[in-house]
Novice: 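Have a look at this one.
The basis for the numbers below is simple: all heavy atoms, side chains too, and nothing from hydrogens, waters or symmetry mates.
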Amino acid sequence: MTTRAAQIAADLLDIQAVTLRPSQPFLWASGLHAPIYTDNRRTIAFPKVRTHIADGLAELIHDNYPDATVIGGVATAGIPHAALVAERLNLPMTYVRAKPKDHGTGKQIEGELSASDQVVLIDDLISTGGSVLGAAKAVQQAGATVLGIVAIFSYDLPDSVTNFQAAGLTLTTLTTYHDLVAVAEATDQFTAAEIASFRAWHEDPWHWIGTTNG
């Protein structure tokens with residue numbers, strides 16, 4: 001785990017953008033029960049955390065996608081981070097809706113985008129990757145190239161790995177579920193059984209059973 005990954009993981013825990021609750025699992029929209037819930041929208045309310053994230057994402061793009069000509073934000077949570085990163089890199093910005101508007105010109109992509117553009121998309125959270133890959137497809141259908149995707153946090157679930165491989169796109173994140181659990185373990189806020197439960201969930205999320213109190 002890099003220093004940056006540890007810092008971002010600690011930030012997310014500190015501001016409660018990530019909640020770990022093994023004895024009272026969360027129910028996700030997918031029907032999955034999980035010991036974790038992530039709301040990275042909270043990060044924009046904390047200037048220090050917001051700065052750590054923007055600096056980190058800008059560095060990821062500089063190092064991994066030096067040919068980027070446009071920074072794209074995935075609506076809605078990726079938009080503020082894309083704006084901060086585009087400012088740091090002095091690059092144009094666009095954002096991509098989940099679907100085209102049902103009024104006006106019916107745009108799905110806002111900003112300026114040409115067929116010669118090399119786009120890096122930014123999202124806040126990756127679970128299966130469905131939303132950001134949908135945005136990537138919209139950019140590709142507009143004629144531009146998607147160089148890759150960067151995000152604050154990924155659960156690193158097998159479905160996301162499969163989906164990104166199928167789309168032929170790379171994903172780079174500031175921190176991951178494994179990093180987060182390691183940082184949580186170091187805080188001594190959780191028992192050894194709870195830490196083991198976090199790791200067991202990731203190994204088989206659909207058949208995981210949470211820990212019990214006591």
Side-chain angles (χ1 to χ4, degrees), residues 8 11-12 15 17-18 29-30 38-155 160 163-164 166-176:
I8 298 299
D11 285 343
L12 298 181
I15 67 170
V18 171
S30 63
T38 305
D39 181 11
N40 282 340
R41 289 173 176 83
R42 285 183 59 80
T43 60
I44 61 175
F46 298 85
K48 186 175 180 180
V49 174
R50 191 175 67 208
T51 297
H52 287 165
I53 289 169
D55 289 345
L57 291 173
E59 186 177 341
L60 286 184
I61 294 169
H62 179 271
D63 292 347
N64 294 280
Y65 308 107
D67 295 328
T69 62
V70 173
I71 303 301
V74 178
T76 56
I79 294 174
H81 301 292
L84 292 168
V85 170
E87 180 68 20
R88 280 163 169 75
L89 298 177
N90 193 30
L91 289 173
M93 178 196 155
T94 64
Y95 71 84
V96 188
R97 294 186 176 86
K99 59 183 180 179
K101 290 193 297 185
D102 58 5
H103 60 280
T105 57
K107 284 185 177 180
Q108 184 171 1
I109 301 172
E110 297 291 352
E112 189 71 21
L113 196 64
S114 70
S116 62
D117 278 321
Q118 309 282 305
V119 182
V120 175
L121 290 171
I122 293 178
D123 209 350
D124 71 322
L125 171 68
I126 304 296
S127 52
T128 64
S131 60
V132 73
L133 290 174
K137 185 175 181 180
V139 171
Q140 291 167 334
Q141 288 175 339
T145 299
V146 178
L147 292 179
I149 292 155
V150 298
I152 299 169
F153 177 75
S154 172
Y155 290 114
S160 68
N163 291 340
F164 277 93
L169 292 170
T170 59
L171 168 68
T172 311
T173 64
L174 292 177
T175 195
T176 69

Novice: Working to the nearest 0.5 Å, report the span between OH of Y95 and CD of Q108.
Specialist: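 Output value for this atom pair is 11.5 Å.
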Novice: Crowded around E87 CD? As in, over 12 foreign heavy atoms under 6.0 Å?
Specialist: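 Count not over threshold, so no.
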Novice: Nearest heavy-atom pair of L169 and A136: which atoms, and what distance?
Specialist: CD1-CB, 3.7 Å
Novice: Would you check if L171 and V132 make a side-chain contact, meaning some heavy-atom pair closer than 4.5 Å?
Specialist: no
Novice: So if I apply the side chain to side chain contact (heavy atoms under 4.5 Å, CB included) rule between V96 and each of L121, D123, V74, which one comes out positive?
Specialist: L121
Novice: Could you check if a side-chain atom of L60 sits within less than 4.5 angstrom of a side-chain atom of Y65, using non-hydrogen atoms only?
Specialist: no
Novice: If you round to the nearest 0.5 Å, how far is CZ of R50 from CD1 of I15?
Specialist: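 If I round to the nearest 0.5 Å, the distance is 11.0 Å.
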Novice: Before you tell me yes or no, could you show the steps for R97 and I109 under side chain to side chain contact (heavy atoms under 4.5 Å, CB included), namely the whole-Å CA-CA distance, both residues' side-chain angles and the distance that decides it to 0.1 Å?
Specialist: CA-CA 6 Å; R97 294 186 176 86; I109 301 172; over 6 Å; no
Novice: Can V85 and I61 be said to form a side chain to side chain contact (heavy atoms under 4.5 Å, CB included), step by step?
Specialist: CA-CA 9 Å; V85 170; I61 294 169; 3.7 Å; yes
Novice: Do H52 and L57 come close enough that some side-chain heavy atom pair is under 4.5 Å?
Specialist: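 Contact flag for H52/L57 side chains = no.
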Novice: Begin with the C-alpha distance, continue with both residues' side-chain angles, and end with the deciding distance and a verdict on side chain to side chain contact (heavy atoms under 4.5 Å, CB included) for H81 and V150.
Specialist: CA-CA 11 Å; H81 301 292; V150 298; over 6 Å; no
Novice: Within the structure provided, determine whether L147 and V119 are in side-chain contact (heavy-atom separation under 4.5 Å).
Specialist: no
Novice: A side-chain contact here means heavy atoms from C-beta on lying under 4.5 Å apart; do L12 and R42 qualify?
Specialist: no
Novice: Could you tell me the separation between the CD1 atom of I53 and the CD1 atom of I152, rounded to the nearest 0.5 Å?
Specialist: 4.0 Å
Novice: Kindly indicate, with the supporting measurements, whether the criterion side chain to side chain contact (heavy atoms under 4.5 Å, CB included) is fulfilled by D55 and R88.
Specialist: CA-CA 8 Å; D55 289 345; R88 280 163 169 75; 2.7 Å; yes
Novice: Using every non-hydrogen atom in the two residues, find where A86 and P92 come nearest and quote the distance to one decimal.
Specialist: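 Shortest heavy-atom contact: CB-O, 4.3 Å.
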Novice: For Y155 and T128, does a side-chain donor sit closer than 3.5 Å to a side-chain acceptor?
Specialist: no
Novice: Any side-chain heavy atom of F164 sitting closer than 4.5 Å to one from I126?
Specialist: yes
Novice: So E112 and T94, do their side chains get closer than 4.5 Å, heavy atoms only?
Specialist: no
Novice: Between the side chain of N40 and the main-chain N/O of D124, is any donor-acceptor distance below 3.5 Å?
Specialist: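 The answer is yes, because a donor-acceptor pair under 3.5 Å joins these two groups.
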Novice: For the backbone of T175 and the side chain of T173, can you confirm whether one donor and one acceptor N or O come within less than 3.5 Å of each other?
Specialist: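 Answer holds: yes.
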Novice: Identify the heavy atoms of A82 and G73 that sit nearest to each other, and give their distance.
Specialist: CB-CA, 3.5 Å
Novice: Rounded at 0.5 Å granularity, tell me how far OG1 in T43 sits from NZ in K48.
Specialist: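 One finds 15.0 Å between OG1 of T43 and NZ of K48.
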Novice: Working to the nearest 0.5 Å, report the span between CE of M93 and CG of L113.
Specialist: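 Between M93 CE and L113 CG, I get 12.5 Å after rounding to 0.5 Å.
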Novice: Please report the interatomic distance CG(N163) to OG(S127), rounded to the nearest 0.5 Å.
Specialist: 9.5 Å
Novice: With the side chain counted from C-beta on, respond yes when L89 and I71 share a heavy-atom pair under 4.5 Å apart, and no when they do not.
Specialist: yes
Novice: Indicate whether the side chain of D117 and that of T69 have a donor and an acceptor atom separated by less than 3.5 Å.
Specialist: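 Looking only at side-chain atoms, T69 and D117 do form a donor-acceptor pair, the distance falling under 3.5 Å.
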